[in-house]
Amino acid sequence: MSTSESRGTGPSPPEGGLYRRQSSGLVRDISGLAAVALNISFVAIPVAILVATQAPSSFPGASPFWVAVIAGVLTVFPVLLYGMFSRVMPRSGGDYVFMSRTLHPWVGFAANFNITVWFVLAMTYIAYLISQLGFSAVFATIGAITGNKTFFNMAADVTSKGWSYAIGAIALIGVTALMSLRLRRALAVHIALFAFSLVGVVIAFILLLLHGRSDFVSAVARAGGSYNGIIAAARETGFAGSDHFDLGNTLLATPLAFLAFGYAIVTAYASGEVRSAKSTVQRTMMLSLVIAVVIVAVLMGLASRTFGNDFMGSATVLSNAGDKGYTLAGPSFLFYFVSLLSNSTLLTVIIGASFICALLVVLPPTFLIATRNLFAWSFDRLIPDKVSEVNERTHSPLVANGIVLLLSLVYLALIVFAGGNFLALLYTSGLAELLTFMTVAIAGVVFAYRRRDLYEESAVRGSVMGVPKLTLVGVAAFAVYLFFFISNATTDALGANARVGVITTIVVAIAGILAFPVAYVVNRRRGVDLGLAFRELPPE
């Protein structure tokens, strides 16, 4: 049954003033295990471990371990907010539903439009990194181990514009095909890929535990570099070094980890498809956050012990600048350094394949979020009905899938061929997305007062000293979001406040704000009152 069939297409609401939409056409195929896999995948371990190299390079003296721990603790409140909202309104569309049914449909759409645009951009960038950090690092490490120059050439060739676009496009088309299957089948594949992506993490743990600093110094020498030489070369560029601990810089670097941990919320956007959503979604979100924080924090601690924060910071400064003082073939990246410790071609291939897989598994949950947001807009008639049609056989919104694929391929072309200023937008995504997150937190603060009927009937009802629990969580989440927003907006080292990024953030926000009244007017001319649709929750 298609979505348009399930909700009816007549312009006039039935008796009672509400659209009696019977079913979304989606199916509850997301199990508890699948929910955990989706949430941890969206956290993106490959993004989280960038803290190891980016924190000590951009914030001299910052401890990657404490950056991960502090960011993880702070993120408890935002994840709890999304979890509680999902127990109250377990519907696909996530924060669009939360905000539109709590604050105002206009606010809900504009804020959700904003985060969807940036989510698709981030997904596309991950696809781009498959060639840049995935295949390139694997080939460079194999070349260093075997001494075969062919692999070094392959490491350089795979980062060319043609190969970068081709590999990224194949990944995006592949995830679209996967997510167009019955969700249960797609998730089975995703779980298998997710499990393999953790193989590299396990190997990294073992290698970092077995090898100390002297072993790594020797490994760098075998790869044609100089451990102390790289540190000295970075000092010559003016880098202050990270051979000390700086609490202030550690706090300033926490947004780097939040860019990963703050996104253990995938199932909030697809909670209409989670089995026993009211009891499952919040629990799996929190469990996913804890698992991700533990994995990343332990990796950060071991990396600091074996590689040294000063080396990781120095190597990243030189590598990012293309300085000849960086004498290693692969980019400054934690898994590349781990691979150097193995001195085994087979182990290097396994680590590399696992890391590439870790990048790949980020794509399905991001794709799921974007398509479910489009689905929710369409179901509320903000965009054409066709977008929320569900295939009878796969129960997948194929039109929404196609739209997200097309947009991501355009993004990929801009990332690869435009480069420059467009790449600067990627650092702004965290800042722009926080605008939506803060709006969700405001909705959490006022929900119990504006929608008392829903709150009192929900599983999260209750108060502390007369203040609703959801309100307290909303206040705490807003404070955390505001801290990260101010950090991103005022700290140049994070790269989020570049002029092009700020301008684009404003343009995207305005586009979302203007789109709603256009949809409202178009529907009024068709004889449809959008206000009626927002008086009830979307169907399950």
Side-chain angles (χ1 to χ4, degrees), residues 1-11 19 21-30 91-97 100 105 108-109 112-121 123-124 127 169-187 189-190 266 269-273 363-413 511-512 515-516 518-520 522-523 526 528 530 533 538-540:
M1 179 172 59
S2 72
T3 303
S4 59
E5 292 171 335
S6 68
R7 69 184 177 188
T9 56
Y19 289 98
R21 298 170 291 183
Q22 299 301 314
S23 171
S24 68
L26 301 174
V27 178
R28 292 193 182 279
D29 278 334
I30 303 178
R91 301 293 190 273
S92 291
D95 52 44
Y96 164 71
V97 177
S100 64
F109 175 76
N112 187 250
F113 174 88
N114 171 69
I115 205 167
T116 302
V117 169
W118 291 101
F119 275 171
V120 176
L121 174 60
M123 176 185 73
T124 307
I170 290 171
L172 293 169
I173 293 171
V175 75
T176 303
L178 177 66
M179 300 307 289
S180 296
L181 300 174
R182 179 71 180 257
L183 188 57
R184 185 178 301 174
R185 294 180 180 177
L187 292 177
V189 174
H190 179 263
V266 173
Y269 293 90
S271 53
E273 297 160 81
L363 306 185
T366 318
F367 191 90
L368 187 69
I369 289 174
T371 56
R372 271 37 178 189
N373 288 348
L374 265 66
F375 178 91
W377 304 345
S378 173
F379 217 87
D380 279 342
R381 302 173 185 273
L382 293 173
I383 59 177
D385 293 352
K386 192 77 175 175
V387 178
S388 59
E389 286 189 355
V390 173
N391 182 269
E392 294 181 0
R393 184 173 60 85
T394 65
H395 297 283
S396 178
L398 300 183
V399 176
N401 290 358
I403 292 172
V404 172
L405 172 61
L406 179 61
L407 178 59
S408 63
L409 290 176
V410 172
Y411 273 156
L412 183 63
F516 183 86
V518 171
Y520 190 89
V522 169
N523 276 283
R526 294 170 53 208
V528 176
L530 284 182
E540 297 190 46

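This one's a predicted model, so the numbers in the text were calculated from it and none came from an experiment.
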ask   = What residues, two or more places apart in sequence or in another chain, satisfy salt bridge (charged side-chain N to carboxylate O under 4.0 Å, His left out) together with R185?
value =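 Expected list: none.
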task = Using modelled atom types only, decide if a donor and an acceptor are shared between the side chain of S378 and the backbone of F375 within a distance under 3.5 Å.
result = no
query = Between S396 and R182, is there a donor-acceptor pair closer than 3.5 Å when you use the side chain of the first and the backbone of the second?
reply = no
query = Between D380 and Y96, is a side-chain contact (heavy atoms from CB on, under 4.5 Å) present by the stated rule, with each step listed?
reply = CA-CA 11 Å; D380 279 342; Y96 164 71; 2.7 Å; yes
With [X] via side chain to side chain contact (heavy atoms under 4.5 Å, CB included) - residues at least two apart:
{"X": "A515", "answer": "F109"}
{"X": "L407", "answer": "V120, Y411"}
{"X": "A400", "answer": "T371, L374, V387, P397"}

When rounded to the nearest 0.5 angstrom, what is the spacing between [atom1] in [X] and [atom2] in [Y]?
{"X": "L363", "Y": "S408", "atom1": "CG", "atom2": "OG", "answer": "9.0 Å"}
{"X": "L368", "Y": "M179", "atom1": "CG", "atom2": "CE", "answer": "4.5 Å"}
{"X": "I403", "Y": "L406", "atom1": "CD1", "atom2": "CG", "answer": "8.5 Å"}
{"X": "L181", "Y": "T176", "atom1": "CG", "atom2": "OG1", "answer": "11.0 Å"}
{"X": "F379", "Y": "E389", "atom1": "CZ", "atom2": "CD", "answer": "11.0 Å"}

Checking [X] now: which residues fulfil side chain to side chain donor-acceptor pair (under 3.5 Å) with it, not counting sequence neighbours?
{"X": "N112", "result": "D95, W377"}
{"X": "T116", "result": "N373"}
{"X": "N523", "result": "R526"}
{"X": "T394", "result": "N391"}

Which atom pair, heavy atoms only, marks the closest approach of [X] to [Y]?
{"X": "G93", "Y": "A376", "result": "CA-CB, 3.8 Å"}
{"X": "H190", "Y": "P365", "result": "NE2-CD, 3.9 Å"}
{"X": "A169", "Y": "L412", "result": "N-CD2, 3.3 Å"}
{"X": "F113", "Y": "G512", "result": "CD2-CA, 3.4 Å"}

query = Can M123 and L172 be said to form a side-chain contact (heavy atoms from CB on, under 4.5 Å), step by step?
reply = CA-CA 9 Å; M123 176 185 73; L172 293 169; 4.1 Å; yes
query = Are L398 and N401 close enough, and set up right, to give a side-chain contact (heavy atoms from CB on, under 4.5 Å), and what steps lead you there?
reply = CA-CA 5 Å; L398 300 183; N401 290 358; 4.2 Å; yes
